[in-house]
Each structure stands twice: as structure tokens, then as C-alpha cells.
Amino acid sequence: MSPEPEPEPPPARARAAKEEEEPPPPSPSWEGGGGAARWGGCIMLVKRVGLTAGGCNAQQGIGRPSVYHAVVVIFLEFFAWGLLTTPMLTGFLSFLSAPLIGALSDAWGRKSFLLLTVFFTCVPIPLMRISPWWYFAMISVSGIFSVTFSVIFAYVADVTQEHERTTAYGLVSATFAASLVTSPAIGAYLSASYGDSLVVLVATLVAVVDICFILIAVPESLPEKIRPASWGSSISWEQADPFASLKKVRKDPTVLPICITVLLSYLPEAGQYSSFFLYLRQIIGFGSASIAAFIAVVGILSIIAQTVFLSILMRSIGNKNTVLLGLGFQIFQLAWYGFGSQPWMMWAAGAVAAMSSITFPAISALVSRNAEADQQGVVQGIITGVRGLCNGLGPALYGFIFFLFHVELNELLPDSTSEKKTKQNLSDKRAIIPGPPFLVGACIVLLAFLVALFIPENSKASSTKKHSNSISSSQSNNLDQSNEEDIEPLLQDSSV
């Protein structure tokens, strides 16, 4: 018989057992917030490359990252499109891409994704005169990247404290309104005086300036300790799946009612944007000069509401009550649009509409306050994605309701006789309810108001506590939970 092998020395056996029991050391790139990586079943989507995130982004930029960098980026992007008096196309693609781009910006930094979204959003502009076929091809692709707001709001969250965030979001939204107030008038003047080619050229130059500003002047805002040590860090399929965040939303008691509120409140607003000015011209009898003045006045009032009144309301009545107040203004505004039959009624309702513009920055501040530092991109991406979905569904909803009630809107330019004819038809056929879609929109926003009543105002502390408890319980009951569905709420998820 062959001699039995000698047993392994105790120190070596203990060392081997220790090596088997100990998991691999966590990567330093996921130490911040709730970023404990899952080591089992991780599908490598992107290989590591030799370019570090800090080497290309952190050292570039002018000054420290601030809200003013975000304001300039937003203004230039929407000013370029406003010159063309053409809305940016968003819809179902942005609904899917916004959470993914936001989550990737949480991992790899904001600057690169600001550059990506602005570039692909503005690249169709010069193609309007170069090639219509390429223009329509690129405009469909750019819808995937028309989510700059999600990255911008995450950028603002990185550089502000919680008590400053609502004011900063209001400033960004007011800048967006200012770009839409000034650029259409300038674009219309240039088009009438020098032709459309000059308008496209100026819009292209503004877009190029925006891209160069991001490359040269915008510094990275995401803290170095939250970003990975190198570009191309391992990302699991669960993190890259655009539906993964949506699955977690339905489990989260904070983000779910916020998303439903955004969906129900922005759906009528998106439909209103697509048809309201034609409605003013064909049904109410506004002329071109009156419509331009209406846009300017409502835009200026919106800027005042989002910069002055929003801060006052947040300090006096709180974040959640500010959202409810904004929804109340929106209900009143839509109902007034629906029953209004005189021009002065539209002007008065426009002033109320300006006050309702406080809703979106207040909602963005509310969801930001309930998210960790490494989750700002994904939660803002979900909100932006819902708004993008509404941009696709809202015009279809309003068009269908106009069709049901036999309200025809066309592009004919009104003159004095057409205005009289319009008013005569209005008094004969639709004296009681001139604008049925706006009344339907008011009812939808009323549902949003009821849902918003159930939004918890401060759940970050409880979410953190539940998150730590879930980590400890999952470590102790790993075998028992291996066969169960493991979908954590979004703001408590350890893989985001």
C-alpha cells in the first residue's frame, strides 16, 4: 500500500480557507453612496481602457463647477433650436434612454454625457439645409439623446446643497424659458429679412459654441470618489438594461408617485404646446403679433415665477406643498383655457400658466433630495424620460380630442375676415366649451394632484436605514433569498 499523503500544514490550510471565504476587494470606484457592487452574475459590457476618468475631465474647465455652467449649456442648446422655431423631437426613445444615460453619468461623470447629449441633439441643425434625408435620419436618432435636462439637473445636484437645490433648478428652468422667449423672435426676424439659410447658419454656430463651451469651460462635477478609477469599468447587464430602473420604480414609495404625477401633469402640457398657438389663431382670433407678444409675456412671467416666487414658496410652505400649488395653478389655467372665448381670458389664463411653471423644478428638487449622491443621474433620468414619453403622447391625445369635438386647426394665416368668421363660428357652434382638450387636460392634472398627495416629502433617512438593513439581512439570508425575485426599490438599490 502506498503511504497516505501527508496532511496540509495547518497554516496553509487556514490561509486557503480564508482566501476562499473572503470576497474580492471592492473596487474603489463604488465606495460612495449606496454603490456596493454585486460580484456574482455580472456581465462585462465594456472592457477597461487605459484612459482614466480624472485624466480627461477633472482637470479641464474654467473655475469650480457651478450652476452657471449648467445654465449656459441649457440656454445655448435650446436657443439654437428656438431660432429655427422647430421643437426638438423626443418620445419613447428618450423614455428608454434617459434613465440609462443618467445612470451612466452617475458612474462615469457628467461632462462626457453633457457633451454626448448636446452634440447629438444639435447635429441635425446644419443638415436642414445640407440634406433633408440625412436631417430626418439624424432627427430620429437624436431623440435618444434629447435628455440633456437629466444630466444638467444631476450636475446641479452635484454642486449644490439641498437647501440651495430648488433655487438652482428654478434658475435652470427659467433659463430654458428665457431661451424660448428670445430665440423665436430673433429667428423669425432673420428669416424674414435674410432668408432661412442664415437662420440655420446662426443656429449651427450657437450649437458649435455650446459644444466648445462644454469641452473647454465646463468642469466635471461628480466627486472623484464616486466615479470609477478608469473608463470602461465593469457594468452589469442589470445596470445597462433600460427597463431595470423602471422595474425598481414600482417598488419605490417615493419615486413611483412622483413619476405618476409627472406623467399625468406633463401629458396635457405637452399636448398644449403642440396645438395652443394654432388654437389662439384659429379659434380665439389672435394675430401673429398677438401670439408673439403672448409668448414673450408668459415667458417673462415664468422666469419671475421660477426665480423669485419658487424660492419664497419653498421656504414658506415646503417642497411638497409647492408641487401641489403648482398643480393647482395648472388645473385652473387649463380650465380657463377650455372655457375662455375672449382674448382677455387667454391673457389672464397665461398669467396663471406662468405660475404653474414652478411644478417641474419643485418636483425635480423633491426627487433629488430623496436620492443619494450616486443616484442623482438615474432619478433625474427617469423624470426626464417620463416627460419625453409625454412629448410623444400629448400631441396625439389633444389631436384626437379636437377631432372628436370637430375642432379643426389649420395653418391658414388669419386676416380680418377670417377672424370675424372664426368668432362667428365660435359663437354658433362652441359657445359653451371652446377648447374641450384643455378641460380634459384639467381633469388629468386633477388626478396628478390626488397622486401627489401621497408623495412622502422626506424619506431619504428612512431609505438609508432600510438600505443598510436590507444589506445586513441579505448577507445573513443569502441562501434563502437566492430563488426569490430580487428587485430592490430604486432609492435603496445597491447596484445603481
Side-chain angles (χ1 to χ4, degrees), residues 66-88 90 114 117-118 121-122 125 146-153 155-156 159-160 164-191 199 202-203 205-211 213-214 217-218 266 269-270 272-273 276-277 289 291-314 326 329-330 333 347 350-365 384 387 391:
S66 67
V67 178
Y68 300 105
H69 292 97
V71 164
V72 173
V73 171
I74 281 292
F75 181 83
L76 292 177
E77 178 183 1
F78 287 94
F79 186 87
W81 277 101
L83 287 172
L84 306 172
T85 63
T86 302
M88 293 193 309
T90 58
L114 276 179
T117 55
V118 171
T121 301
C122 295
I125 293 178
S146 299
V147 295
T148 310
F149 258 109
S150 63
V151 186
I152 283 290
F153 278 174
Y155 189 99
V156 171
V159 301
T160 56
E164 305 170 334
R165 207 160 288 168
T166 304
T167 303
Y169 285 159
L171 182 60
V172 172
S173 299
T175 304
F176 165 72
S179 67
L180 297 185
V181 167
T182 55
S183 55
I186 298 175
Y189 172 77
L190 293 177
S191 177
V199 178
V202 174
L205 292 178
V206 172
V208 170
V209 170
D210 195 12
I211 294 172
F213 178 79
I214 297 174
V218 175
Y266 196 71
E269 187 174 348
Q272 173 187 320
Y273 287 154
F276 183 63
F277 301 115
I291 292 177
F294 184 90
I295 295 174
V297 171
V298 173
I300 293 172
L301 293 178
S302 299
I303 294 172
I304 297 173
Q306 295 174 13
T307 53
V308 179
F309 290 105
L310 180 61
S311 301
I312 297 174
L313 291 172
M314 289 291 295
F329 279 123
Q330 187 178 2
Q333 159 228 330
W347 285 97
V352 179
M355 286 301 301
S356 70
S357 64
I358 64 175
T359 304
F360 180 60
I363 286 180
S364 299
T384 304
R387 284 168 59 92
N391 284 329

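Just so you know, these numbers come straight off a predicted model, no measurement behind them. Heads up: numbering here begins at 1 and tracks the sequence.
No side-chain heavy atom of D210 sits less than 4.5 Å from a side-chain heavy atom of F79. F360 is not listed as a side-chain neighbour of Y266, based on a closest heavy-atom distance of 4.5 Å or more. With a 4.5 Å cut-off on side-chain heavy atoms, I186 and Y189 do not count as touching.
Residue pairs meeting the side-chain hydrogen bond (donor to acceptor under 3.5 Å, both in side chains) criterion with at least one partner in residues 297-314, sequence neighbours excluded, are T167-S311, Q306-S357.
The side-chain contact (heavy atoms from CB on, under 4.5 Å) search around V209 returns L76, not counting sequence neighbours. Every side chain to side chain donor-acceptor pair (under 3.5 Å) that Y273 has, sequence neighbours left out, goes to E269. In this view, A217 and I62, F213 satisfy the side-chain contact (heavy atoms from CB on, under 4.5 Å) rule, not counting sequence neighbours. The side-chain contact (heavy atoms from CB on, under 4.5 Å) search around Q272 returns F276, Q333, L334, Y337, Y398, F438, not counting sequence neighbours. The side-chain contact (heavy atoms from CB on, under 4.5 Å) check on T148 picks up I74, E77, L114, T117, V118, T121, I152, with sequence neighbours excluded.
Closest approach of G350 and F294 over heavy atoms only: CA-CZ, 4.0 Å. The two residues A168 and V67 have their closest heavy-atom pair at CB-CG2, 3.9 Å.
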As a quick check of understanding, evaluate side-chain contact (heavy atoms from CB on, under 4.5 Å) for W347 and V297, giving each step before the final call. CA-CA 9 Å; W347 285 97; V297 171; 3.9 Å; yes
How far apart are the C-alpha atoms of V73 and Y155, what are their side-chain angles, what is the distance that settles it, and do they pass the side-chain contact (heavy atoms from CB on, under 4.5 Å) test? CA-CA 11 Å; V73 171; Y155 189 99; over 6 Å; no
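Using a 30° and 60° split on the angle between ring planes, F78 and F149 fall in the tilted class, from 30° to 60°.
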Please table the atom pairs, donor to acceptor, closer than 3.5 Å between any side-chain atom in residues 170-179 and protein atoms at least two apart or in another chain.
unit_1 : atom_1 : unit_2 : atom_2 : d
S173   : OG     : Y169   : O      : 3.1
T175   : OG1    : L171   : O      : 2.7
S179   : OG     : F176   : O      : 2.6

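For the pair S364 (side chain) and P361 (backbone), a donor-acceptor distance under 3.5 Å is absent. Looking only at distances, a side-chain donor or acceptor of T160 sits under 3.5 Å from a matching main-chain atom of V156.
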